[in-house]
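Throughout, protein chains are lettered first and strands after them, A, B, ... in sequence-line order, and every chain is numbered starting at 1. Just so we're clear, the structure is a prediction, and the values are computed from it rather than from any experiment.
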Amino acid sequence: DGGITQSPKYLFRKEGQNVTLSCEQNLNHDAMYWYRQDPGQGLRLIYYSQIVNDFQKGDIAEGYSVSREKKESFPLTVTSAQKNPTAFYLCASTTGGLGTQYFGPGTRLLVL
Amino acid sequence: DAKTTQPNSMESNEEEPVHLPCNHSTISGTDYIHWYRQLPSQGPEYVIHGLTSNVNNRMASLAIAEDRKSSTLILHRATLRDAAVYYCILRQTPLVFGKGTRLSVIA
C-alpha cells in the first residue's frame with residue numbers, strides 16, 4: 001500500500017536533547033511538509049521541501065532542522081533550542097503544484 | 001494567514017444532513033477551495049475540492065457560491081464517524097490551515 005509512515009508514534013525527549021522524527025513516503029511525491037499541532041489548535045507549518053536537497057522554512061522553523069537527501073524521506077530534528085516541543089507532529093506530501101496533500105499518522109512528542 | 005473563516009464548532013444529530021460554512025471573501029479567480037478533515041489523534045485527510053461548480057464525491061458535496069466568496073461542505077447523513085475538525089482551505093503551496101470547525105455528532 002502506498003502512503004506515508006511516521007515513526008515513532010510516541011517520543012520522549014529529555015531536557016537539552018535533540019530528537020529526530022522520521023517521515024517516509026512511497027507515493028513518489030516531490031513535495032514534503034512538516035506541521036506542528038498543539039492541543040485544540042490548527043496545524044502550523046515548520047518546514048517544507050519541494051525537491052530533493054532543497055527546503056524552505058515555514059512559520060515556526062526556529063528550534064527545528066530538516067534534511068531532504070532522498071525523495072522518499074524528510075526527517076525532522078527537534079533541537080534543544082526548541083523550548084516548548086511538546087506537540088503532535090504531522091508529515092505530509094503532495095505530487096507538487098496544487099495536488100491533494102496526504103498526511104502521515106503523526107508523532108506525539110513529550111518532554112520528560 | 002488562513003484566508004478563510006469558519007465557525008469554531010457545530011453540532012449535528014446522527015443521520016441528519018450537515019452544512020459546514022466557509023467564508024473566503026478575498027479568494028482570487030484561480031484559487032481552488034479544498035476541504036480536509038481531521039479525526040481525533042489522526043492526520044488530516046482530503047475530503048473534496050472545487051473551483052466554481054458544485055462538486056460531489058462519495059464523502060461529501062461542495063456547494064460554491066456564485067461569487068465564490070463562500071462555500072459549504074455538505075455531509076448528507078452525518079454518522080458518529082464524521083465527528084472531526086473540518087478545514088476549509090484555499091489551495092496554495094504550502095497549505096495553510098486555520099483552526100477549522102469542530103463537528104460533534106449526537107447519537
Over 12 non-hydrogen atoms of neighbours within 6.0 angstrom of CG in B:D67:
yes

Under a 4.5 Å side-chain heavy-atom rule over Ile, Leu, Val, Met, Phe, Trp and Tyr, are A:M32 and A:V52 clustered together?
no

Of all residues at least two apart in sequence or in a different chain, which pass the side chain to side chain donor-acceptor pair (under 3.5 Å) check with A:N18?
none

Just distance, no hydrogens or angles: give the donor-acceptor pairs under 3.5 Å from side chains in residues 99-112 of chain A, sequence neighbours left out.
| unit_1 | atom_1 | unit_2 | atom_2 | d |
| --- | --- | --- | --- | --- |
| A:Q101 | NE2 | A:Y35 | OH | 2.9 |
| A:T107 | OG1 | A:P8 | O | 2.6 |

Applying a strict under-4.5 Å side-chain criterion to I, L, V, M, F, W and Y, I'd like to know whether B:L20 and B:I27 cluster together.
yes

With the 4.5 Å side-chain cut-off for hydrophobic clustering, are A:L45 and A:Y64 part of the same group?
no

More than 12 foreign heavy atoms under 6.0 Å from CD of A:E62: is that the case here?
no

Contact class of A:Q37 relative to chain B, heavy atoms under 4.5 angstrom:
side chain

For the residue pair A:Y33 and B:P94, what are the closest heavy atoms and their distance?
CE2-CB, 3.5 Å

If Ile, Leu, Val, Met, Phe, Trp and Tyr residues are connected whenever their side-chain heavy atoms lie under 4.5 Å apart, and connections chain through other members, are A:I60 and A:L21 in the same group?
yes

So which atom in A:Q41 and which in B:Y87 form the shortest heavy-atom distance, rounded to 0.1 Å?
O-OH, 4.2 Å

Quick one: which residues of residues 30-41 of chain B reach chain A at under 4.5 angstrom, heavy atoms only?
B:H34, B:Y36, B:Q38, B:S41

Counting only heavy atoms not in A:R13, do more than 12 fall under 6.0 Å of its CZ?
yes

ILVMFWY cluster, B:V18 and B:L73 together (side-chain gap under 4.5 Å)
yes

With chain B as the partner chain, list the residues of residues 68-93 of chain A whose heavy atoms fall under 4.5 Å from it, by residue number, and write 'none' if nothing qualifies.
A:F88, A:L90

Distance, nearest 0.5 Å, that separates CG of A:L43 from CG of B:L95:
9.5 Å

